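So that the names make sense, note that chain A is the first sequence line, chain B the second, and so on, each numbered from 1. Since we're looking at a predicted model, the values are computed, not measured.
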2 protein chains.
Amino acid sequence: MIRMDHTEERATTVSVPTRELIPGEAAQAVVPMKLGRKRDHSRDPEILGAALDVLAETGYDGMTIDMVAARAKAGKATLYRRWASKSDLVIDAVACMKRDELDPANLPDTGTLRGDLVALVRPPSIAEGERKMHIVSGLISMISRSPELAEAVRGAFVEPRAAANRILIRRAIERGEIRADVDVETLSMLVPSMAAYRLLLQHGALDRDFLIGVIDGILLPAVGIRPHEG
Amino acid sequence: MIRMDHTEERATTVSVPTRELIPGEAAQAVVPMKLGRKRDHSRDPEILGAALDVLAETGYDGMTIDMVAARAKAGKATLYRRWASKSDLVIDAVACMKRDELDPANLPDTGTLRGDLVALVRPPSIAEGERKMHIVSGLISMISRSPELAEAVRGAFVEPRAAANRILIRRAIERGEIRADVDVETLSMLVPSMAAYRLLLQHGALDRDFLIGVIDGILLPAVGIRPHEG
DNA sequence: CGTATCCGGAACTGGTCAGTTTCGTATATG
DNA sequence: CATATACGAAACTGACCAGTTCCGGATACG
């Protein structure tokens, strides 16, 4: 999973207690401890952020290490000191998109399924989703050829969004708001699927009206909630 | 639209009537008519087919003109005699995917919406859709940067599939099987959207069970048709 | 203060690929 | 049969880029 520090950055600290470190036994035996200037890890997020920016603009194949280095005001050698290859850098950058995903413990809880779902499609959340989807679009071609990248995208993008919807739907079931035999898994993918297709292939805007339309016109009717209209 | 014959293949036939060709005026004035060996247009489909094969295997950026030429047993020069650039060749290849799309005049008509939709997801149709979706996946990154390619993909892939669903749903409305105020446009994109998302981002199989699940678990309930179960 | 490592910057290397040209051959027209 | 073009094959050109190395300067340890 962790693909940083491909240059070992020294075995540093202590000799790994390969087996049984008896308490009281001093660990820092003959190990020469680290030496020289230390790697500035506070730059990592800036570099990964720069990589995401470039990915969004050019896609995987269009991105070059020089672009990322220039954008991060870092040297190419610095990047290669931390990641073994372009693909490793990208996988790490994608993985760190997860950082600002919805927190499952902090989801909207309005009391109705519609209220919860609508709360998820507030404009700032839409804009962030649009940006991430755009980044992912530049990776899709690679996804079918790199299982590691595929896993990173699923973990940082697909799964968190599905999980959020899954939780909201399960809550609605527990409340008795909707039937318990609905297909939770497929329903959880409904909004992300339609948003992705619209954005990537239909070239349509991912506006609030569209997403509300999917919720009110498809998702809620599908689980038996008729819009309180007319 | 037509991007073939980028080398003019001779001005051939007649001198273009730049202005006012009065009827009766003989057109083939001094024009030397074509000369030399003629371009063998029967090879075009083979070349475009080879391009689609390579696209499916490697994606847009991984595809090289040499690969396509080798696969089509043609010379590179032959390809460049017919298309001005790699992107022109790809756009033509994508456009010719439309050839074997559903014929709107020849859609299933079983008398029920479910029957019609299920008839669309017969295994051979699924396999073809899976292949095309795989080709498209290798183009998505490019789509956001090439409006022409985007248009080709929509015309050859997105629109025909949406059109088929649109027609089936409209028929169901006309029959009185479903309400007339459903969102036909969004519903037409439902199955393609979920199929694409599952295939491209979830790495899931596009099997019949999944598609039937979308139809029975989401689409039909959404338009008010409850599965006649237990 | 010496040494090992970090840094940003820039030069270098080797491979790849779009697009062009050349060559010998095949096939049309006149 | 002379001319103009298409053909497959292969060589060539120029750009681009992943990855490496080297530089002068900064920083941490002993």
Side-chain angles (χ1 to χ4, degrees), chain A residues 3-14 28 30-44 46-47 50-51 54-55 58-91 142 146, chain B residues 3-14 28 30-44 46-47 50-51 54-55 58-91 142 146:
Chain A
R3 35 191 62 249
M4 238 172 255
D5 303 344
H6 99 277
T7 296
E8 300 290 331
E9 196 184 6
R10 310 293 299 170
T12 174
T13 53
V14 293
Q28 59 275 51
V30 208
V31 190
M33 208 59 175
K34 59 188 162 188
L35 193 57
R37 181 174 172 175
K38 276 180 275 185
R39 191 171 293 174
D40 179 7
H41 277 229
S42 75
R43 306 280 336 257
D44 286 347
E46 300 173 44
I47 297 171
V54 176
L55 277 177
T58 70
Y60 182 89
D61 296 281
M63 159 183 156
T64 71
I65 298 291
D66 292 270
M67 288 180 197
V68 178
R71 166 104 41 160
K73 295 189 212 309
K76 211 175 169 180
T78 299
L79 269 66
Y80 276 104
R81 226 174 274 121
R82 300 176 193 217
W83 293 276
S85 67
K86 174 178 169 176
S87 58
D88 279 12
L89 170 61
V90 169
I91 289 170
M142 214 52 174
S146 163
Chain B
R3 31 191 64 253
M4 239 172 254
D5 304 342
H6 99 276
T7 296
E8 301 289 331
E9 197 184 3
R10 308 294 298 172
T12 173
T13 51
V14 293
Q28 59 274 50
V30 208
V31 189
M33 208 59 175
K34 59 189 163 189
L35 193 57
R37 179 173 173 175
K38 276 179 273 185
R39 193 171 290 173
D40 179 6
H41 277 221
S42 75
R43 304 281 333 260
D44 287 346
E46 300 172 45
I47 297 171
V54 176
L55 277 177
T58 70
Y60 181 89
D61 295 282
M63 160 182 155
T64 71
I65 299 290
D66 292 270
M67 287 181 197
V68 178
R71 165 103 40 159
K73 294 190 213 308
K76 213 175 170 181
T78 299
L79 270 64
Y80 277 104
R81 226 173 273 121
R82 301 177 191 216
W83 294 276
S85 67
K86 173 178 170 177
S87 56
D88 278 12
L89 169 61
V90 168
I91 289 170
M142 215 51 175
S146 163

I need the minimum non-hydrogen distance between [X] and [Y], along with the two atoms involved.
X         : Y        : value
Leu79(A)  : Ala69(A) : CD2-N, 4.1 Å
Val68(A)  : Ala50(A) : O-CB, 3.9 Å
Thr58(A)  : Gly62(A) : OG1-C, 3.3 Å
Met142(A) : Tyr60(A) : CE-CE2, 3.4 Å

Rounded interatomic separation in angstrom, taking [atom1] from [X] and [atom2] from [N]:
X        : N       : atom1 : atom2 : value
Leu35(B) : dT3(D)  : CG    : P     : 11 Å
Leu89(B) : dC17(C) : CG    : P     : 16 Å
Asp61(A) : dT16(C) : CG    : P     : 16 Å
His41(A) : dC6(C)  : NE2   : P     : 9 Å
Asp40(B) : dA6(D)  : CG    : P     : 12 Å
Leu79(A) : dC17(D) : CG    : P     : 16 Å

> Which of these nucleotides, dC29(D), dA18(D), dA6(D), is closest to any side-chain atom of Tyr80(A)?
Replying inline: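 Of all the options, the side chain of Tyr80(A) is nearest to dA18(D).
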
>> Can you identify which nucleotide, out of dG8(C), dA6(D), dA18(C), has its nearest atom closest to the Ala74(A) side chain?
In response: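 Selected nucleotide (nearest to the side chain): dG8(C).
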
>> Which residues pass the side-chain hydrogen bond (donor to acceptor under 3.5 Å, both in side chains) test with Thr64(B), not counting sequence neighbours?
In response: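 Checked Thr64(B) against side-chain hydrogen bond (donor to acceptor under 3.5 Å, both in side chains); zero matches.
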
Enumerate donor-acceptor pairs with a distance under 3.5 Å from any side-chain N or O in residues 71-78 of chain A to protein atoms, sequence neighbours excluded.
from: Arg71(A); atom 1: NH1; to: Glu57(A); atom 2: OE2; distance (Å): 3.4
from: Arg71(A); atom 1: NH2; to: Glu57(A); atom 2: OE1; distance (Å): 3.0
from: Arg71(A); atom 1: NH2; to: Glu57(A); atom 2: OE2; distance (Å): 3.1
from: Lys76(A); atom 1: NZ; to: Asp66(A); atom 2: OD2; distance (Å): 3.3

>> Can you tell me if Arg43(A) touches the phosphate of dG8(C), counting only side-chain N or O atoms and a distance under 4.0 Å to OP1 or OP2?
In response: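 Result: yes.
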
> Looking at Lys86(A), does any N or O in its side chain come under 4.0 Å of the phosphate oxygens OP1/OP2 on dA18(D)?
Replying inline: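 Yes, within the criterion.
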
Strictly under 3.5 Å: I want the nitrogen or oxygen pairs between protein and nucleotides 21-26 of chain C, one per line.
from: dA26(C); atom 1: N3; to: Arg37(B); atom 2: NH1; distance (Å): 3.2

>> Just so I know, are the side chains of Asp44(B) and Trp83(B) near enough to count as touching, which here means a heavy-atom distance under 4.5 Å?
In response: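 Touching, per the 4.5 Å side-chain cut-off.
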
>> Just verifying a value: how many Å separate Met67(B) CE and Leu55(B) CG, rounded to the nearest 0.5 Å?
In response: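 Atom-to-atom, Met67(B):CE and Leu55(B):CG are 10.5 Å apart.
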
> How long is the span from the NZ atom in Lys38(A) to the CG atom in Asp40(A), to the nearest 0.5 Å?
Replying inline: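 Lys38(A) NZ to Asp40(A) CG: 11.0 Å, rounded to 0.5 Å.
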
>> Which residues in residues 63-70 of chain A have a heavy atom closer than 4.0 Å to any atom of DNA chain D?
In response: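 Residues of residues 63-70 of chain A that come under 4.0 Å of DNA chain D are, in numerical order, Met63(A), Thr64(A), Ile65(A).
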
